[in-house]
Protein chains: 2
Amino acid sequence: MTETTLPPAAPSRRWADALRALGRRVTRQRLAALSAIEASPHATADDVVQALRAELSGITVQSVYVILADLTDAGLLRRIETPHSPARYETRINDNHHHAVCTSCGRIEDVDCAVGHAPCLTPHWSSGAQPMTIQVAEVLYQGICEACRNSPPTN
Amino acid sequence: MTETTLPPAAPSRRWADALRALGRRVTRQRLAALSAIEASPHATADDVVQALRAELSGITVQSVYVILADLTDAGLLRRIETPHSPARYETRINDNHHHAVCTSCGRIEDVDCAVGHAPCLTPHWSSGAQPMTIQVAEVLYQGICEACRNSPPTN
DNA sequence: TAGTTATTGTGAGTTACTCATAATTACTGG
DNA sequence: CCAGTAATTATGAGTAACTCACAATAACTA
């Protein structure tokens, strides 16, 4: 069969293009990091290291930290910080969606932005507060996931 | 005058009562920590150490961490985590208010909850997400404060 | 194909905490 | 008021998650 349905394939090609469009160099490490995170969203730096060891055997934790920080402020990754967990990364960056974290097991789920545009983007300042010019509003939901709710707290 | 307008006075008395009501012991360290944080909201653990050294000269950083963690899960303090900053603490805990952080200087301001009750407390799960039972929604606004906006980026 | 310089690799260092265990000290009960 | 017994606090060591400086490498470019 010929290429009628351009497969989701060539993901590395897409990332390569994105990097070039930003004037950044295209490296094996960056491509590997980006597709690893695309494949498993909310991955931690450590998860990424594990994933990359498969194809880039000698990669170090420090390099991964540099790469992630770099891709993050290049705008290709979004960094998520949840309580009592190392930072997580995802490639879904163009919608401002939010996250819900299970306070019991730490699992994270995506939540679409309810209002479409950021909710309550015009804050009501507390008395005495110096107002700021707001750029983004991130919502972090905390609760209990199904699995934890159903399983007896085994501790 | 008799006690018509119970003065804001005796703050340590109030905290002592609060501790007792929870069945926790009333100690100099706890009272000092609580009033230090009440006096300067959004204080970091380190800020608290500095403040406490005045009255409790020999106090250590580790003790302060223990005290703060303890008061936090006793429900007398609320812990705030903002990106690229150590955790902060505040005594304002009974309204679910939010925070705005200046991405340039890190200053934090309080934001009243616009909707009264938590905004978007019924999340719209992304497709494929396992819904959870939500308990709280925290909103973190990020922007630029007046001071930073007006001052030339001196770097 | 060589040169320039953005990336990556390496090793050490830091920040923000946590843990185990010993020493105190606040609240009983007598 | 005094002793007893936990709850707190102090102490020292240890850890997780990064960050930094500098040397080595490899992408782009001319």
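Labels below follow one simple rule: chain letters A, B, ... track the order of the sequence lines, proteins then strands, and each chain is numbered from 1.
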J.: Here's a test of your reading of the structure: between B/H84 and B/R28, which maps to the more 5' nucleotide of DNA chain D?
T.: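 Looking at the nearest nucleotide for each, B/R28 comes out on the 5' side.
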J.: Between A/T27 and D/dA26, does any side-chain N or O lie under 4.0 Å from OP1 or OP2?
T.: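 Checking A/T27 against D/dA26: no side-chain N or O falls below 4.0 Å of OP1 or OP2.
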J.: I'd like to know if A/R25 reaches the base of C/dT5 with its side chain such that a donor and an acceptor end up less than 3.5 angstrom apart.
T.: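 Between C/dT5 and A/R25, which were checked side chain against base, a qualifying N/O pair under 3.5 Å is present.
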J.: Quick one: A/Y65 OH to C/dG13 P, roughly how many Å, whole number?
T.: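 Distance, rounded to whole Å: 19 Å.
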J.: Quick one: is B/Q29 getting a side-chain N or O under 4.0 Å of the C/dT25 phosphate, OP1 or OP2?
T.: no
J.: Under 4.0 Å, counting only non-hydrogen atoms across every strand here, what does A/V61 touch: a base, just sugar-phosphate, or nothing?
T.: nothing
J.: Closest approach to the side chain of A/Q62, judged atom by atom: which nucleotide of C/dA12, C/dT7, C/dA26 is it?
T.: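 Output: C/dA12.
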J.: Among A/E90, A/E109, A/R107, find the one that has a side-chain hydrogen bond (donor to acceptor under 3.5 Å, both in side chains) with A/H42.
T.: A/E90
J.: For residues B/D112 and A/W125, determine if any side-chain heavy atom of one lies less than 4.5 Å from a side-chain heavy atom of the other.
T.: no
J.: Please report the distance, rounded to the nearest Å, between CG in A/L31 and C1' in D/dC28.
T.: 15 Å
J.: Rounded to the nearest angstrom, tell me the gap between atom CD1 in B/I59 and atom P in C/dA23.
T.: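 Spelled out: CD1 on B/I59 to P on C/dA23 is 19 Å.
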J.: Please classify the nucleic acid contact of A/A87 as base, sugar-phosphate, or nothing, using heavy-atom distances under 4.0 Å.
T.: sugar-phosphate
J.: Evaluate the side-chain proximity of A/Q29 to A/L56: yes if any heavy-atom separation is below 4.5 Å, no if none is.
T.: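 Side-chain contact under 4.5 Å: yes.
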J.: Could you state the atom-to-atom distance from CD of B/E81 to P of C/dA16 in whole Å?
T.: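 B/E81 atom CD is separated from C/dA16 atom P by 13 Å.
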J.: Rounded to the Å, how far apart are A/L56 CG and C/dT7 C1'?
T.: 13 Å
J.: Within the structure shown, what part of the strands sits under 4.0 Å from A/T60 by heavy-atom distance: base, sugar-phosphate, or nothing?
T.: base
J.: Any base atoms under 4.0 Å from B/R79, or only sugar-phosphate, or nothing? Heavy atoms, all strands.
T.: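 Result for B/R79 = sugar-phosphate.
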J.: What's the CG-C1' distance between B/L68 and D/dA10, to the nearest Å?
T.: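 For the pair B/L68 CG and D/dA10 C1', the rounded distance is 15 Å.
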J.: Whether the side chain of B/T60 engages the backbone of B/S63 through a donor-acceptor N/O pair (distance < 3.5 Å, no angle test) should be reported.
T.: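 It does hold such a pair.
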J.: Whole Å only: how far is the CG atom of A/L19 from the C1' atom of D/dA26?
T.: 15 Å
J.: Using heavy-atom distances to pick each residue's nearest nucleotide on DNA chain C, tell me which of B/V26 and B/P86 is more 5'.
T.: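 In this pair, the answer is B/P86.
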J.: Hey, is the side chain of A/R24 poking within less than 4.0 Å of OP1 or OP2 on C/dT7, counting only N and O atoms?
T.: yes
J.: How long is the line joining CG of A/D46 and P of D/dT15, in whole Å?
T.: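 That distance rounds to 16 Å.
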J.: Using a 4.0 Å heavy-atom cut-off across all strands, classify B/S63 as base, sugar-phosphate, or nothing.
T.: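 The residue B/S63 makes base contact.
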J.: Considering the options B/R14, B/R92, B/R78, which one meets the salt bridge (charged side-chain N to carboxylate O under 4.0 Å, His left out) requirement together with B/E38?
T.: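 Result: among B/R14, B/R92, B/R78, B/R14 is the only option passing the salt bridge (charged side-chain N to carboxylate O under 4.0 Å, His left out) with B/E38.
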